[in-house]
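Below is one structure; the comments refer to it alone.
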Amino acid sequence: MTVTSLGIPRRLLEFTIDGEPVRAPEGATILDACRSAGKDVPTLCQGDTLTPKNACRVCVVEVEGARTLVPACSRKAEAGMEVRTDTERARHSRKIVLELLASSVDLSTTPEVAGWLKEYEAKPDRFGPDAARVDEEPRVDNDLYVRDYDKCILCYKCVDACGDQWQNTFAISVVGRGFDARIAVEHDGPLTDSACVYCGNCIEVCPTGALSFKSEFDMRAAGTWNEPAQTETTTVCAYCGVGCNLTLHVQDNEIVKVTSPHDNPVTHGNLCIKGRFGYQHVQNRD
């Protein structure tokens, strides 16, 4: 007999978003409720497999009675709450955040950002040519993945995925202060000399492409990366008996990268080095 766990029922909270009544389970965040109600609230640092970090501040909304704008990704919904997602104050804040981010780092491979810059009329160029930028060359020190810190927005998702929220390897952390803050391995050395186990779970959660498959990096450099033309097929990893799900991204009959479904109860988006990078034998034509 198969037993299905339904979990403990959660009380439904009633409140309003942009004047419309909504209901959300107790413990849900404002962002969860907004998405359920079809409200488009932008966010960069939020990850569906990680604890909210409130780092990017793109998802801020107004809550009646709150002195400051609140991050929708971490603020829990409350009964009777009045949330406004598209006020002039919230839009202005998002505009400034997007301008500051886009003026200091490369957001060219960040999904949806181009649309947000247009929607909020953000003009990163207004800070002028002397605006401080990261301007760092990509670090290519292994054959599996690339660290391009010129695209890093310090959302800390990779640190959490490598740390106590998933992998528990603690190979990467934040070093430095202020504008000199950066993601790094111990002694800021090559990845090959660090505690990294090459699970690639940091790549899975990176929202900007600061961490990417070496295959994707090379194809983008060659101008051959064509995401709309890629197909995705979910299968089961054959390396061991755990049953991890793999999503194979295929372009021109070649696997170009591997991800894992975030809603899978076995992996929750996480894989080991074999599952994420050990696919070359599939397309060995020799």
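Nothing fancy with the numbering, it's 1 onward along the sequence. We use all heavy atoms of the structure for the numbers below, so side chains are in, but hydrogens, waters and symmetry mates are not.
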* To do: Mind listing the closest non-hydrogen atom pair of Pro207 and Cys155 along with its distance?
  => CD-SG, 3.7 Å
* Structure fact -> Between the CD atom in Gln46 and the CZ atom in Arg35, the distance rounded to the nearest 0.5 Å is 4.5 Å
* Any chance you could measure Asp106, atom CG, to Leu101, atom CG, to the nearest 0.5 Å? => 12.0 Å
* Asked: Under a single-linkage definition using a 4.5 Å side-chain heavy-atom cutoff for Ile, Leu, Val, Met, Phe, Trp and Tyr, are Val256 and Ile203 assigned to the same hydrophobic cluster?
  -> no
* Asked: Does Val105 belong to the same Ile/Leu/Val/Met/Phe/Trp/Tyr cluster as Val97, with side-chain heavy atoms less than 4.5 Å apart forming each link?
  -> yes
* Measure the CD-CG distance between Glu216 and Leu211 for me, rounded to the nearest 0.5 Å. => 11.0 Å
* **Salt-bridge criterion met for Glu26 and Lys76 (N-O under 4.0 Å)** => no
* Structure fact -> Across all chains, not counting sequence neighbours, the ring pair (Phe, Tyr, Trp, His ring centres under 6.0 Å) partners of Tyr198 are none
* Asked: Quick one: does Tyr149's side chain have a donor or acceptor within less than 3.5 Å of a partner on Ile183's backbone?
  -> yes
* **Main-chain N/O of Val205 paired with Lys157 side-chain donor or acceptor, under 3.5 Å** => yes
* Asked: So, the side chain of Asp193 versus the backbone of Pro190: is there a donor-acceptor pair under 3.5 Å, distance only?
  -> no
* Heavy-atom distance under 4.5 Å between the side chains of Leu50 and Trp166, does that happen here? -> yes
* Do Glu64 and Val83 pass the side-chain contact (heavy atoms from CB on, under 4.5 Å) test, and can you show the C-alpha distance, the side-chain angles, and the key distance before you say yes or no? -> CA-CA 7 Å; Glu64 183 68 28; Val83 179; over 6 Å; no
* Backbone N/O of Trp225 and side chain of Gln251: donor-acceptor pair under 3.5 Å -> no
* To do: Give, for atom OG of Ser36 and atom CG of Leu31, the distance between the pair rounded to the nearest 0.5 Å.
  => 9.5 Å
* Can you check whether Thr208's main-chain N or O pairs, donor with acceptor, with Thr109's side chain at less than 3.5 Å? -> yes
* **Ionic contact status for Glu99 with Lys123, cut-off 4.0 Å** => no
* Are Ile153 and Trp116 joined in one hydrophobic group, where the rule is that I, L, V, M, F, W and Y side chains link up if heavy atoms are under 4.5 Å apart? -> yes
* Under the side-chain contact (heavy atoms from CB on, under 4.5 Å) rule, what do Cys199 and Ile273 come out as? Steps first, then yes or no, please. => CA-CA 4 Å; Cys199 63; Ile273 182 175; 5.7 Å; no
* Spacing of CD belonging to Glu14 relative to CD belonging to Glu78, to within rounding of 0.5 Å -> 15.0 Å
* Under 3.5 Å, is there a donor-acceptor pair between the Arg75 and Asn54 side chains? -> no
* To do: Examine distances only and state if a side-chain atom of Arg133 and a backbone atom of Ser103 form a donor-acceptor pair shorter than 3.5 Å.
  => yes
* To do: Decide yes or no on side-chain contact (heavy atoms from CB on, under 4.5 Å) for Val174 and Tyr156, but give the supporting numbers first.
  => CA-CA 8 Å; Val174 180; Tyr156 308 112; 3.1 Å; yes
* To do: Please indicate whether Asp135 has more than 12 foreign heavy atoms, meaning atoms of other residues, nucleotides or ligands, lying under 6.0 Å from its CG.
  => yes
* Nearest heavy-atom pair of Val159 and Ser173: which atoms, and what distance? -> CG2-CA, 4.0 Å
* Asked: In terms of side-chain heavy atoms, does Glu62 have a donor or acceptor partner in Thr87 at a distance below 3.5 Å?
  -> yes
* Derivation and outcome, side-chain contact (heavy atoms from CB on, under 4.5 Å), residues His249 and Val258 -> CA-CA 6 Å; His249 298 249; Val258 176; 5.8 Å; no
* Considering all heavy atoms of both residues, which atom of Leu69 and which atom of Ser93 are nearest to each other, and what is their separation? -> CD1-CB, 3.5 Å
* Structure fact -> Arg89 and Thr68 have their tightest heavy-atom pair at NH2-CA, 3.6 Å
* **Considering all heavy atoms, the nearest Val197-Gln167 contact** => CG2-NE2, 3.7 Å
* Asked: Given side chains that start at C-beta, do those of Thr16 and Met81 come closer than 4.5 Å, heavy atoms only?
  -> no
* Side chain Ser194, main chain Glu186, donor-acceptor under 3.5 Å -> no
* Flag, side chain of Asn264 to backbone of Gly269, donor-acceptor distance under 3.5 Å -> no
* Can Arg139 and Asp188 be counted as an ion pair, charged N to O under 4.0 angstrom? -> yes
* Would you say the side chains of Thr29 and Asp32 form a donor-acceptor pair under 3.5 Å? -> yes
* Once the angle between the rings of Tyr145 and Phe277 is folded into 0 to 90°, is it parallel (under 30°), tilted (30 to 60°) or perpendicular (over 60°)? -> parallel
* Quick one: does Tyr279's side chain have a donor or acceptor within less than 3.5 Å of a partner on Leu248's backbone? -> no
* Asked: Have His262 and Glu204 got a donor and an acceptor in their side chains that come within less than 3.5 Å?
  -> yes
* **Spatial distance of atom CE (Met219) from atom CD (Glu254) [nearest 0.5 Å]** => 9.0 Å
* Asked: Strictly by modelled atom types, are Asp141 and Thr192 linked by a side-chain donor-acceptor pair under 3.5 Å?
  -> no
* Asked: Any side-chain heavy-atom pair from Pro25 and Leu13 closer than 4.5 angstrom?
  -> no
* To do: Taking the side chain as every heavy atom from C-beta outward, state whether Thr110 and Lys151 have any pair of such atoms under 4.5 Å apart.
  => no
* Asked: In this structure, which one of Pro71, Cys73, Pro42 forms a side chain to side chain contact (heavy atoms under 4.5 Å, CB included) with Val58?
  -> Pro42
* Asked: Quick one: are Val70 and Val61 in side-chain contact, heavy atoms under 4.5 Å?
  -> yes
* **Cluster link Val41 to Leu44, ILVMFWY, side chain under 4.5 Å** => no
* Answer yes when Arg91 and Glu121 have at least one side-chain N-carboxylate O distance shorter than 4.0 Å, and no when they do not. => no
* Is the shortest heavy-atom distance from the side chain of Ser260 to the side chain of Thr247 under 4.5 Å? -> no
* Structure fact -> Correct closest heavy-atom pair for Asp18 and Arg84 would be OD1-CA, 3.2 Å
* Is it possible for you to say whether Val63 and Ile17 belong to one hydrophobic cluster, with membership spreading through side-chain heavy-atom contacts below 4.5 Å? => yes
* Asked: Side chain of Ser104, backbone of Leu100: donor and acceptor closer than 3.5 Å?
  -> yes
* Can you tell me if CZ on Arg23 sees more than 12 non-hydrogen neighbours from other groups inside 6.0 Å? -> no
